[in-house]
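Computed over heavy atoms, backbone and side chain alike; hydrogens, waters and symmetry mates excluded. The residues of the chain are indexed from 1 along the displayed sequence.
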Amino acid sequence: MPRLLFHPSVFLAALLTLVPFFSAAFWPRSLQLAQQLPLSLRMLAPALLGFPYALVSVSNGLFRWTWLALYTLLPVLISLLLYRASLADPEQRGEWRDFLILGVLGLAVDLRWFEPAWGPGLAIFNKVLLLDAGIYGFLAIRQLRQVGFDLRLRLRDFRIGLLWLAAYAPIAAALGLFLGFLHFHPHMPSAWHVLLGWIFTFLFVAVPEELFFRGWMQNLLERRVGPVRALLITATLFGLSHFNKRALHFNWRYVLLALLAGIFYGRAWLQDRRVGASAITHASVDTIWSAWLR
């Protein structure tokens with residue numbers, strides 16, 4: 001798998017997959033470029049997300065026309081549905097098409113519907129391509145407000161993120177150890193190893209999940225049911241999304257701890273409505289767990 005990652009076609013596919021993600025995160029104005037296109041081109045532009053699949057699958061000998069159609073047409077369908085949602089719900093109170101798309105994207109990632117399209121170790125392409133489709137649809141087409149997807153981090157983001165980490169960590173550690181879910185490992189990994197692990201977790205685990213659950217889902221739900229109910233509903237769904245992680249059965253311990261974590265992550269996002277702040281809390285929790293408590 002490592003050698004395959006450095007295949008020129010796969011490397012190019014990785015760059016093309018990351019461009020929409022990073023440009024939206026570090027140059028939010030890039031999302032406005034889509035609004036300057038004619039409507040037909042605006043709707044068809046995300047079909048380009050099928051190209052990374054073609055590059056990777058051909059290099060890996062796994063190319064299938066059905067998967068190419070999926071990665072080409074699904075992003076277009078998402079954009080069309082969210083464009084219709086923007087017309088039907090200009091107040092952005094949350095429309096059935098918003099929640100349909102969130103459901104499809106969430107289940108596709110959580111239940112790994114599309115991962116057979118990729119070779120061993122390359123399923124991260126699926127996650128990031130679906131994230132790209134959501135970013136384009138919700139931010140460029142739907143123009144959803146108050147998402148806070150800006151990874152140009154401020155010191156205040158770190159203060160907020162670490163504050164909610166400090167609030168959650170003692171609760172999680174005590175409960176996790178009591179339930180036998182966490183196991184303390186008294187070893188000291190190198191600072192470099194921890195830092196690299198945190199950065200990878202922040203970019204490819206915490207940010208996608210915080211954008212989905214807080215920036216999109218909690219954001220839309222609170223306009224329907226209010227901030228407290230939206231926080232609790234989103235935290236519950238976040239917890240349930242971990243039911244099949246690290247176990248062959250329903251992992252209720254992981255669900256419970258993730259549900260509690262979702263409350264703290266949601267509060268971190270709510271404080272300034274910044275995905276970066278809640279992602280700092282999220283990535284820090286995951287890094288501590290991976291380094292000392294798994």
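Inter-residue side-chain proximity for Tyr136 and Ile78 is flagged as unmet; no heavy-atom pair is nearer than 4.5 Å. Here the side chains of Phe212 and Val275 are not in contact, with every heavy-atom distance at 4.5 Å or above. For the pair Asp132 and Pro75, the minimum side-chain heavy-atom distance is 4.5 Å or more. Taking 4.5 Å as the limit, every side-chain heavy atom of Val207 sits out of range of all side-chain heavy atoms of Leu131. In this structure the side chain of Gln36 never reaches within 4.5 angstrom of the side chain of Leu41, judged on heavy atoms. With a 4.5 Å cut-off on side-chain heavy atoms, Asn126 and Trp67 do not count as touching. Contact annotation: the side chain of Gln146 never approaches that of Gln92 to less than 4.5 Å [non-hydrogen atoms, C-beta and beyond]. Ile135 has its side chain within reach of Trp216: a pair of non-hydrogen atoms, C-beta onward, lies under 4.5 Å apart.
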### Task
List the steps and the verdict of side-chain contact (heavy atoms from CB on, under 4.5 Å) for Ile101 and Phe138.
CA-CA 10 Å; Ile101 289 166; Phe138 279 107; 4.0 Å; yes
### Task
Please assess Ile199 against Leu195 for the test side-chain contact (heavy atoms from CB on, under 4.5 Å), listing each intermediate value before the final yes or no.
CA-CA 6 Å; Ile199 292 171; Leu195 177 62; 4.1 Å; yes
### Task
Would you sort out whether Trp252 and Phe181 count as a side-chain contact (heavy atoms from CB on, under 4.5 Å), showing the intermediate values?
CA-CA 10 Å; Trp252 66 269; Phe181 179 76; over 6 Å; no
### Message
With ring-ring contact (aromatic ring centres under 6.0 Å, His included) as the criterion, how do Trp289 and Tyr168 come out once you've worked through the C-alpha distance, each side chain's angles and the decisive distance to 0.1 Å?
### Response
CA-CA 13 Å; Trp289 175 43; Tyr168 173 65; over 10 Å; no
### Task
Please step through side-chain contact (heavy atoms from CB on, under 4.5 Å) for the pair Tyr71 and Leu49, ending with a clear verdict.
CA-CA 6 Å; Tyr71 284 105; Leu49 292 175; 5.8 Å; no
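Taken together through direct or relayed side-chain contacts under 4.5 Å among Ile, Leu, Val, Met, Phe, Trp and Tyr, Leu73 and Leu55 form parts of separate hydrophobic clusters. Two different hydrophobic clusters hold Phe51 and Trp65 under the rule that ILVMFWY side chains link at heavy-atom gaps under 4.5 Å. Follow the hydrophobic side-chain contacts under 4.5 Å out from Phe63 and you never reach Leu16; the two are in separate clusters. Val19 and Phe21 are assigned to two separate hydrophobic clusters, defined by single-linkage of ILVMFWY side chains at heavy-atom distances under 4.5 Å. Ile233 is connected to Leu256 through a chain of hydrophobic side-chain contacts under 4.5 Å among Ile, Leu, Val, Met, Phe, Trp and Tyr, so both are in one cluster.
Counting only distance, with no hydrogens or angles, the side chain of Arg274 and the backbone of Asp157 share no donor-acceptor pair below 3.5 Å. Looking at Thr234, its side chain does come within 3.5 Å of a backbone N or O of Ala230 through a donor-acceptor pair. A donor-acceptor pair is defined here as one N or O able to donate and one able to accept, closer than 3.5 Å; such a pair exists between the side chain of Asn219 and the backbone of Arg145. Judged purely by atom type and a 3.5 angstrom limit, Trp269 uses its side chain to pair as donor or acceptor with the backbone of Val147. Here the side chain of Thr72 pairs no donor or acceptor atom with the backbone of Ala69 at under 3.5 angstrom.
Of the inter-residue distances, the one linking Asp89 atom CG with Arg84 atom CZ reads 13.0 Å to the nearest 0.5 angstrom. The CD1 atom of Ile280 sits 5.0 Å away from atom CG of Leu153, with the distance rounded to the nearest 0.5 Å. A distance of 4.5 Å separates CG in Leu259 from OG1 in Thr236, rounded to the nearest 0.5 Å. Rounded to the nearest 0.5 angstrom, Glu95 CD and Leu82 CG are separated by 9.0 Å. Taking CZ from Phe158 and CG from Leu163, the interatomic distance works out to 14.5 Å, rounded to the nearest 0.5 Å. Note that the CG atom of Leu237 and the CG atom of Leu221 stand 7.5 Å from one another [nearest 0.5 Å].
With respect to Ser278, the side chain to side chain contact (heavy atoms under 4.5 Å, CB included) criterion is satisfied by exactly one of Gln271, Glu210, Glu209, Arg267: Glu210.
Cation-pi contact between Arg214 and Phe238: present, with separation from the ring centre below 6.0 Å and deviation from the ring axis of at most 45°.
Among all heavy-atom pairs drawn from Asp98 and Arg142, the shortest one is OD2-NH2, 2.8 Å. The two residues Ser30 and Ser23 have their closest heavy-atom pair at OG-O, 3.2 Å. Contact between Ile141 and Ser79 at its shortest, heavy atoms only, is CG2-O, 3.6 Å. When all heavy atoms of Thr17 and Ala13 are compared, the closest pair comes out as OG1-O, 2.7 Å. Summarising the geometry of Ala172 relative to Leu182, their closest heavy-atom pair is O-CD1, 3.5 Å, with the distance given to 0.1 Å. Scanning both residues, Gly176 and Leu257, for their nearest heavy atoms gives CA-CD1, 4.0 Å.
Between Arg273 and Asp150 no salt bridge is recorded (no basic side-chain N to carboxylate O distance below 4.0 Å). With salt bridges taken as basic N to acidic carboxylate O contacts below 4.0 Å, none links Glu91 and Arg93.
Remark: Arg224 CZ is packed, more than 12 non-hydrogen atoms of other residues, nucleotides or ligands lying under 6.0 Å away. Taking a 6.0 Å sphere around CZ of Arg229, one finds it holds 12 or fewer heavy atoms contributed by other residues, nucleotides or ligands. Taking a 6.0 Å sphere around CZ of Phe204, one finds it holds more than 12 heavy atoms contributed by other residues, nucleotides or ligands. Summarising the local packing, CG of Leu39 is surrounded by more than 12 heavy atoms from other residues, nucleotides or ligands at distances under 6.0 Å. With a 6.0 Å radius and a threshold of 12 heavy atoms from other residues, nucleotides or ligands, Phe99 has its CZ atom above the threshold. Crowding of Arg152 atom CZ: a count of heavy atoms from other residues, nucleotides or ligands under 6.0 Å exceeding 12.
Ring centers of Tyr53 and Trp118: under 6.0 Å apart, within the cut-off.
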